[in-house]
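Report on one structure; see the data block that follows.
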Amino acid sequence: MDPATIFQIVGAVVSLGDVVIGCITRLSALKAQFHDAPIIVTSMIGQLHMVKIAQDQLSPLNSPNFTHDARYRQLASQLGNALDSFGPILLALGQQLDRYEGIGADRMTARNRMGFLHGEREMTNLSILLDRQVNALNLLLSAIQCQTWTQQSDIITQKESQSILRLAQDCSSSLVGLEDVASFISENTAAISTQFEFDDVLRSTLLYQAAERSHLRQALRAKKTKDPDNTSTNSVIQRPPTSGFKWAFQAMKLSKPVTMSNVFKTQQQGIRVDIRRETILEAPGENVVTEEGPVQENSSHSNPGDSNETSLTLETGQSAQPLLNGAGPGSPRPHSSFGGWRKAFQRRTSNARDTKPYRHHQEEENDQPKVTKVLLLGTSGGGKSTLLNALRLCTEAEDAEHDESYLRTLVWHNALDSVRTLLRAMERAGVPVMASARTLLLDPCPDCDCDPALNPQHAGEVARTISSFHPIIFQNAVRRNANQLHVNAEYYIENINRLAEQAVHRSAPTDRDLLRTQVTTTGIHQTTLTYQGSRFCVYDVGGERSERKKWIHTFEDVSVVIFPVDTTGYERSLREDEDSDRMLEQFILFEYISNSHWFTKSNFIIIFTKIDLLEKYLEDVDVDSFLRYNKVISNTESRIMTVDEYLSHLEGHFRKLIRGTNVQKRFRFIRANLVDVEKHNPAIDIFDVLESFGTPFTPGKENLTLVEGDKGPSEKEPASREIDGISSESSSADTGRLPVGESEDANPLLIGIAQ
Ligand SMILES: Nc1nc2c(ncn2[C@@H]2O[C@H](COP(=O)(O)OP(=O)(O)OP(=O)(O)O)[C@@H](O)[C@H]2O)c(=O)[nH]1
Ligand SMILES: [Mg+2]
């Protein structure tokens with residue numbers, strides 16, 4: 001990450017100082033007012049004091065002096081992740097305090113009482129969230145003390161640290177649910193007093209428990225009924241058009257300490273909808289004309305000196321409105337210069353309150369050609385973003401203004417990361433690693449994290465070292481032990497000399513190099529593609545569990561769902577949960593998505609990805625026993641030997657997961673190698689299938705052309721049954737999820753995707 005971006009992040013956290021102090025003061029006043037105030041108030045005061053201390057320690061970093069220090073890169077990416085929800089949590093706390101301070105009347109109904117109890121629950125939730133942020137802050141403070149970024153990396157990549165960061169990161173998506181609660185369940189609670197004798201009785205009633213179990217779902221429905229015509233796009237961010245990979249990779253968030261600066265640059269074609277941090281970084285720039293016309297530029301807390309960063313917020317009067325629901329103009333609220341955080345929360349709040357999933361342009365632009373809304377869904381690493389990049393390559397010429405340095409760094413870092421994962425796995429397996437390789441690749445080395453063109457000599461040395469030991473690595477079969485090994489590690493290692501050559505000649509990486517990079521997506525990214533005169537509005541989402549809560553915002557009026565399946569996912573665990581098998585997770589998620597009532601009118605394309613890697617995988621890892629063990633095939637079937645047999649069984653199993661009669665033909669299965677696009681880009685086939693589906697979905701009219709023979713969604717069974725085999729294997733405290741109830745909505749895999 002560009003140190004300047006770290007500067008912004010730290011600045012944003014530090015700038016919340018007065019909010020923290022405000023919250024402490026208000027909580028203390030609350031405590032004084034109600035001597036029997038819940039213990040939670042006292043504990044939150046303590047937490048906030050810790051936040052204040054952490055902020056004080058961070059504030060020296062809020063200075064341009066450190067911006068050239070490479071060791072902050074790793075830290076910055078983690079800081080960004082972990083503190084994403086820091087501002088919103090404090091703001092939500094302020095909202096909660098507004099409510100408490102408004103309490104005073106003496107009478108209340110049982111319904112209001114329930115709302116209030118939810119309010120208390122929110123306070124507890126806020127405390128949990130705050131606690132996680134405090135832990136993350138403390139961890140990051142320790143990392144800041146390190147002398148080198150590799151030491152930082154070591155601290156941060158420890159298992160416990162990762163768990164702390166994951167919990168903190170997960171809070172940001174929990175806030176969507178939290179805000180729903182605040183908006184719909186606990187509103188108008190001013191006439192509720194804080195103490196009632198029948199608390200326990202009320203809590204144990206079925207009515208209360210039922211309300212609690214499904215309150216998120218109720219909230220969504222209630223709001224939907226309330227605002228049937230609300231198609232607000234207040235929170236949509238307009239981006240200037242660019243093309244090619246620069247856009248694609250800027251639209252995603254890196255999971256590793258690649259130089260992050262450009263990830264947060266926000267040039268992008270079409271509209272990107274994202275409730276995470278990267279969308280709130282703004283910079284001065286020229287007014288940009290989008291497809292809809294000129295858009296007002298926003299220029300707060302910019303990164304000086306980086307005029308490429310241009311992010312535009314299209315907020316139709318939104319900015320003038322009160323920040324939080326239920327807090328009128330006279331309501332007390334914390335004030336501060338929290339800039340981007342405030343905007344992030346504002347956007348989050350408005351999205352949650354609308355509970356109107358994002359609609360594509362079509363509704364606002366009836367005179368425009370019809371746009372087919374295409375949603376990319378699936379687990380992390382399935383290939384959603386790679387597919388989007390491949391689709392973009394079919395539709396646009398490469399951008400001549402590529403930031404080649406960034407792209408080179410991205411590829412170089414993916415290559416080195418692959419090697420590092422292997423070396424660490426080798427060490428864990430007791431295989432000795434050559435001292436020279438260790439020194440060059442595992443020891444602190446700022447040069448490894450920059451554009452290799454800045455020090456081509458070093459890049460050459462790294463390449464020579466890697467090529468000297470790569471056969472040994474593969475002979476040792478360590479790659480299968482390195483569970484989270486980069487899926488294209490072998491490719492990068494084989495091509496490491498060429499990549500080093502690129503550094504010498506300062507040339508750009510190829511499409512094949514770029515398509516193989518791994519960049520974890522967060523948030524929701526929308527882009528419009530035009531192929532042979534047809535317009536497609538494609539949504540790419542993050543597939544990790546903590547990201548899935550956001551998906552619901554995209555579920556309305558979807559013409560086509562594309563579900564990439566990582567065919568190599570068997571016997572490999574999820575990145576976010578080492579105890580869960582990737583393939584099983586794909587089964588479960590697909591069953592949910594394909595039978596969800598949201599998509600009864602949608603067509604589906606299921607893409608089996610990574611076909612190019614399959615042959616080797618089948619040799620290395622026995623797929624037959626996996627399939628038998630998980631009852632994908634029966635014991636009477638003959639042994640699976642070939643790629644084709646495997647994929648046929650896989651397709652058969654996916655088809656079995658689709659419930660209802662006569663719906664099968666809405667589902668198309670495609671096999672693809674998404675990364676070799678030179679001879680034949682598989683995206684062309686996908687566009688062809690998309691076009692074959694015909695007229696896009698129009699809300700209110702059932703004019704979606706289903707594939708021949710399909711009788712339509714009415715014949716489907718109601719998709720309300722609970723999904724078998726999903727276990728809530730850990731408590732909400734462990735997983736970082738809010739205890740919003742134990743209905744299917746709170747399912748660990750599908751949390752937030754309400755039926
Ligand atoms: N060799 C090969 N690699 C692929 C293929 N499809 C995807 N990949 C790689 O798989 C990795 C993950 O792909 P992504 O597109 O980032 O996955 P995603 O579904 O967007 O993941 P999230 O953003 O985390 O939800 C990347 O390194 C891709 O290059 C394929 O067909 N062949
Ligand atoms: Mg992605």
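Computed over heavy atoms, backbone and side chain alike; hydrogens, waters and symmetry mates excluded. For ligands, and for the atoms within them, numbers begin at 1 and follow the listed sequence.
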Output the list of atoms in ligand 1 that are nearer than 4.0 Å to some heavy atom of [X], sorted by atom number.
X	value
V487	9 (C), 10 (O), 11 (C), 27 (O)
G542	25 (O)
T379	19 (O)
R516	27 (O), 29 (O)
V519	16 (O), 23 (O)
D612	1 (N), 2 (C), 30 (C), 31 (O), 32 (N)
G543	22 (P), 25 (O)
H486	27 (O)

Quickly, which of F693, F667, F654 forms a ring pair (Phe, Tyr, Trp, His ring centres under 6.0 Å) with F604? Name it, please.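 Answer after filtering F693, F667, F654: F667.
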
Do [X] and [Y] sit within salt-bridge range, that is, some charged N less than 4.0 Å from a carboxylate O?
X	Y	answer
R548	E585	yes
D577	R545	yes
K384	D540	no
D557	K373	no
E571	R582	no

Which label fits F687 and F536: parallel for a plane angle under 30°, tilted from 30 to 60°, or perpendicular past 60°?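 Geometry flag for F536 against F687: tilted rings.
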
Parallel, tilted or perpendicular: rings of F626 and Y570 (30°, 60°):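 If you compare the ring of Y570 with that of F626, the planes turn out tilted.
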
Got a sec: is T521 within less than 2.8 Å of the Mg ion (ligand 2) via an N/O/S atom?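 T521 does place an N, O or S atom closer than 2.8 Å to the Mg ion (ligand 2).
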
So that I can check it, does any N, O or S atom in T520 come closer than 2.8 Å to the Mg ion (ligand 2)?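 Coordinating: no.
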
For ligand 1, which is the ligand I care about here, please tell me if [X] has any N or O atom under 3.5 Å from one of the ligand's N or O atoms.
X	value
G383	yes
L613	no
T520	no
L387	no
S380	yes
G382	yes
T386	yes
I611	no

I need the F599 CZ to S594 OG distance, nearest 0.5 Å.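 It comes to 10.0 Å.
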
Is it the side chain, the backbone, both or neither of T517 that has a heavy atom closer than 4.0 Å to ligand 1?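 The answer is the backbone.
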
Please classify the A672 to ligand 1 contact at 4.0 Å (heavy-atom distances, strictly less than): side chain, backbone, both or neither.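 Only the backbone of A672 comes within reach of ligand 1.
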
Aromatic ring proximity, centroids under 6.0 angstrom, Y539 and H525: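 Between Y539 and H525, which both carry aromatic rings, the centre distance is not below 6.0 Å.
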
With sequence neighbours left out, what residues match Y491 under side chain to side chain donor-acceptor pair (under 3.5 Å)?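 Partners of Y491 under the side chain to side chain donor-acceptor pair (under 3.5 Å) test: R498, D513.
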
Pair listing, salt bridge (Lys or Arg N to Asp or Glu O under 4.0 Å) test, anchored in residues 515-526, at least two apart: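 For residues 515-526: R516-D676.
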
Please determine which of T567, T568, D566 meets the side-chain hydrogen bond (donor to acceptor under 3.5 Å, both in side chains) test together with K610.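 The option that passes is D566.
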
Could you establish whether G381 and ligand 1 come within less than 4.0 Å of each other, counting only heavy atoms on the residue side?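 Per 4.0 Å heavy-atom rule, G381 contacts ligand 1.
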
